[in-house]
J.: 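Sharing a structure, written as C-alpha cells. Questions coming.
One-based numbering, in listed order, for ligands and for the atoms of each.
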Amino acid sequence: MAYHILGVSAHYHNAAACLMRGGELVAAAEEERFSRIKHDPSMPKAAIRFCLQQARLAITDIHCVAWYELPWKKLGRQLWMGLPGFSRNPDEIQRMDPHRPEREIREILGFSGPIEYIEHHLAHAASAYYFSGFQEAAILTVDGVGEWATTSYGRGEQQNLELFEEVEFPNSIGLLYSTITSYLGFRVNGGEYKVMGLAPYGQPRYVDTLRATLQEETGGQYRLDMRYFDFLKNERMYSDALIDAFGTPPRKPETELKPFHMDVARSLQVVLEEILLAKTRYLHTRVPSQNLCLAGGVALNCVANRHVHAHGPFKNLFVQPAANDAGGALGAAAMAHRRRCESSIPTQRMSQVFLGPAYSNDEIHRILATTPLHFEDFRGRSEALFNKVAAAIDSGKVAGWFQGRMEFGPRALGARSILADPRNPNMRDHINALVKKREAFRPFAPSVLEENMGDHFDLQHPSPFMLETCQVKSPLNMPAITHVDASARVQTVNAQENPRYAALLRAFFQRTGCPILLNTSFNMRSEPIVCSPLHALSCFVRSEIDLLVLEDFFIEKGAIPDFWKQALEIIEKNTNPAITHRVYTFF
Ligand SMILES: [Fe+2]
C-alpha cells in the first residue's frame with residue numbers, strides 16, 4: 001500500500017495542509033478558504049478534512065504527519081528575543097508552547113502515529129526543489145524568519161537535498177521588506193505586494209538610505225543594522241532612527257500616497273534586487289548549476305524574480321507557486337517522504353496548482369434549485385456557455401468564474417477568478433469600485449493563451465503561476481492590465497492543464513481578436529478567495545459583479561432578490577474577523 005503523509009503548516013501565517021500518496025501530491029488547501037478568516041494561522045482542521053476526503057482516507061490511514069517547523073528550535077529564538085509583549089498579551093506565551101503542535105495533532109486530529117518535524121527553511125527548500133522537475137539545482141530560500149534562519153542556501157541532486165549555509169535572525173531581507181511595508185502604512189504579511197506594485201511609480205532616491213540598513217557580508221551573509229529596526233521589541237517594525245534617516249514620519253494607513261512613499265517603495269525594490277542578485281551569484285559559485293529553485297515569502301516578489309532570472313547566472317528558474325508558509329506543508333511532506341520511504345518522489349515539474357476541492361454540476365444544481373434564483377443551465381452545452389460569457393465580457397461586463405478544483409497558493413488562476421476585458425480603459429477603476437475596493441495604483445494581472453503569449457508579452461517561456469513580470473509588447477492597448485512601467489504579471493494558460501479556462505479565452509479571442517482576459521482573485525477586499533459555490537454566491541450578491549458562472553450554470557445579477565444582499569452583508573460582517581498585523585508574527 002502506498003505511504004500516506006499529511007503535511008501541515010500552521011501557527012504562523014497562512015495555515016495549510018496537503019496529502020501526499022506514495023510521493024505524489026493528491027490534495028492541498030489553505031485553512032483560510034474554509035474558515036473564511038484571511039491568513040488563518042490555526043491548526044488547519046478543515047483543510048485536513050478536505051485532504052482526507054479527497055484521497056478517500058481516514059486519519060487512521062495516515063502513516064505520518066509532517067510538521068513544517070522545529071518547535072523547540074523556534075522557542076530558542078523566541079526566548080532569545082526576551083519574551084517581548086508578554087506583559088501585554090499572555091496569549092502569546094501560550095502560543096510559544098513547543099508541545100502545542102503535537103498536542104493539537106493528537107487531540108484535534110486524533111492521530112496517534114509518528115510526527116516528522118522538518119526545519120522551516122528545509123521545508124521551503126523542499127517545496128521548491130522536489131516540485132521543480134530539475135534533476136539537480138541550486139536552492140535559495142528567503143523569508144521573514146523560520147526558527148532562526150531567514151535565508152538559506154542549498155543544493156539538490158537527484159533525490160537528495162541539503163542546505164549548507166544560512167543567515168540567522170534578526171538579519172533578514174524579508175523583515176527589512178516588511179519593516180518598510182509597515183513604515184509605508186501597509187499591513188505586514190500581506191501589504192508587501194502593494195509596496196511592490198507602488199515601486200514603479202517612484203524614483204530610487206532613497207537607495208543609499210536603505211543600503212545603510214543592510215550591510216552585505218562575505219559568502220551568503222548579510223547583516224541588518226539593528227539601530228534602524230524595532231521588531232525585536234515586537235511592538236513596531238521600524239525605529240526612530242529609520243524615521244530620522246528618511247526625514248519623514250511613517251504614513252498612516254489609508255492616507256494619501258505621496259511621491260515620497262513611491263520613491264521609498266522603488267528604492268526598497270532596488271535594494272532587494274541588489275542583494276538577491278549578489279547572493280544568487282554567490283550561490284552559483286557554490287552550486288554551479290544551470291537551475292535555480294526559489295521559495296520563502298520573498299520569492300513571491302515577482303519583479304525581483306524577473307531581475308534575478310534576467311541578470312543572474314542561472315539559466316532556468318523554478319519558483320514554488322505557494323512560496324509562502326502555506327507551501328511549507330508541501331515541502332514538509334516531501335522531506336518526510338524522503339526520510340521514511342524507500343520510493344522516490346516523482347520529479348515532474350509542478351505544472352498546475354488545482355489541488356483544492358471541486359464541486360460537481362449536480363451539487364451546484366441542488367443548491368441553486370432550492371433558491372428562487374433564475375439561472376441558465378448549460379450542462380452538455382459548454383461551448384455555448386463560453387460564447388455567452390465571452391460576449392458578456394466583450395460588452396463590458398465583469399464575470400465571477402468558478403470551475404474545477406480550487407487553486408493552492410495566493411493566486412487565482414482561472415478556477416476562482418473575477419474576469420473582465422483588459423482593453424477597457426475604465427476597467428481597473430470599475431472593478432475596484434465594484435468589488436475589490438483596493439488601491440487604485442495596483443494593476444490587475446492578465447491571463448493569456450499560452451500559444452499567443454509571444455504576440456503580446458516579452459515572455460520566452462510559459463508562466464502558469466503569475467510569478468514573473470514581463471514587458472507588454474502587444475499591438476492591443478490594454479490599460480487595465482498594464483502597469484505604469486509597461487510591465488504585467490502574466491499568467492499563461494495551457495489547454496491541457498486548464499481546459500475550461502483556455503476554452504473561454506479561445507472564445508473571447510475568436511470574438512474579439514484578443515486572447516487575453518483580466519484575471520483577479522474571486523473575493524472581496526480583506527476576504528479569502530472563495531472556495532465553495534456558496535462562498536461564490538455570497539461574494540456575487542454582496543459585490544457588483546455582473547454575472548456568475550458556477551461550472552455549467554449562468555446567473556445574472558438581476559436574478560438576485562434584494563433582501564439577500566442585506567442579509568449576507570450582516571452575516572459576513574459578523575463572521576469575518578480578518579487578521580491584521582502591524583508587526584511580523586514572531587510567535
Ligand atoms: Fe517561511
Side-chain angles (χ1 to χ4, degrees), residues 7-18 28 30-32 39-42 44 66-71 73-78 81 95-96 101 117-131 139-154 161 163 165-179 181 187-193 220 224 231 237 272 276 279 293-302 304-305 319-335 408-410 467 579 581 583-587:
V8 181
S9 145
H11 299 169
Y12 225 138
H13 301 136
N14 273 19
C18 74
E30 289 140 291
E31 185 68 4
E32 63 163 24
H39 303 305
D40 190 348
S42 57
W67 184 262
Y68 86 124
E69 204 160 54
L70 306 183
K73 194 168 179 182
K74 180 170 152 186
L75 178 65
R77 191 254 303 155
Q78 290 166 330
M81 288 175 74
R95 290 206 287 273
M96 287 166 57
Y117 294 95
I118 309 295
E119 198 154 6
H120 189 114
H121 273 254
L122 189 57
H124 276 316
S127 78
Y129 178 64
Y130 288 116
F131 299 90
I139 305 162
L140 176 64
T141 64
V142 191
D143 68 1
V145 61
E147 296 88 358
W148 277 99
T150 65
T151 300
S152 70
Y153 303 88
L161 183 164
L163 298 182
E165 183 175 348
E166 65 183 33
V167 180
E168 285 196 347
F169 182 84
N171 304 304
S172 166
I173 302 170
L175 289 176
L176 167 64
Y177 208 94
S178 291
T179 298
T181 297
R187 198 176 65 80
V188 171
N189 302 330
E192 286 82 357
Y193 292 126
L224 290 189
F231 56 73
M237 298 296 289
L272 173 74
L276 283 181
K279 294 310 171 190
C293 295
L294 288 178
V298 175
L300 292 175
N301 190 306
C302 48
N305 293 349
V319 184
Q320 164 54 241
N324 57 5
D325 285 352
L330 269 50
M335 280 312 300
F408 182 62
L467 285 164
I579 292 172
H581 298 294
V583 183
Y584 193 87
T585 315
F586 296 105
F587 292 88

J.: What's the atom name of the N, O or S in Asp143 nearest to the Fe ion (ligand 1)?
T.: OD2

J.: Donor-acceptor pair, Gln320 side chain versus Ala322 backbone, under 3.5 Å?
T.: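 Yes; judged by distance alone, with no hydrogens or angles, the pair exists.
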
J.: Just wondering, is there an N, O or S atom on His13 that's nearer than 2.8 Å to the Fe ion (ligand 1)?
T.: no

J.: Name all residues meeting the side-chain hydrogen bond (donor to acceptor under 3.5 Å, both in side chains) criterion together with Glu165; count only those two or more places apart in sequence or in a different chain, and write none if there are none.
T.: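 With sequence neighbours excluded, Glu165 shows a side-chain hydrogen bond (donor to acceptor under 3.5 Å, both in side chains) to Gln221, Tyr282, given in chain and number order.
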
J.: Within 45 degrees of the axis of the six-membered ring of Tyr117 and under 6.0 Å from its centre: does Lys73 put its NZ or CZ there?
T.: no

J.: Can you tell me how far the OH atom of Tyr129 sits from the CG atom of Leu122, to the nearest 0.5 Å?
T.: 13.0 Å

J.: Could you please compute the angle at the Fe ion (ligand 1) from OD1 of Asp325 to NE2 of His124, rounded to 10°?
T.: 90°

J.: Taking 2.8 Å as the cut-off, does His120 contribute an N, O or S atom near the Fe ion (ligand 1), distance below it?
T.: yes

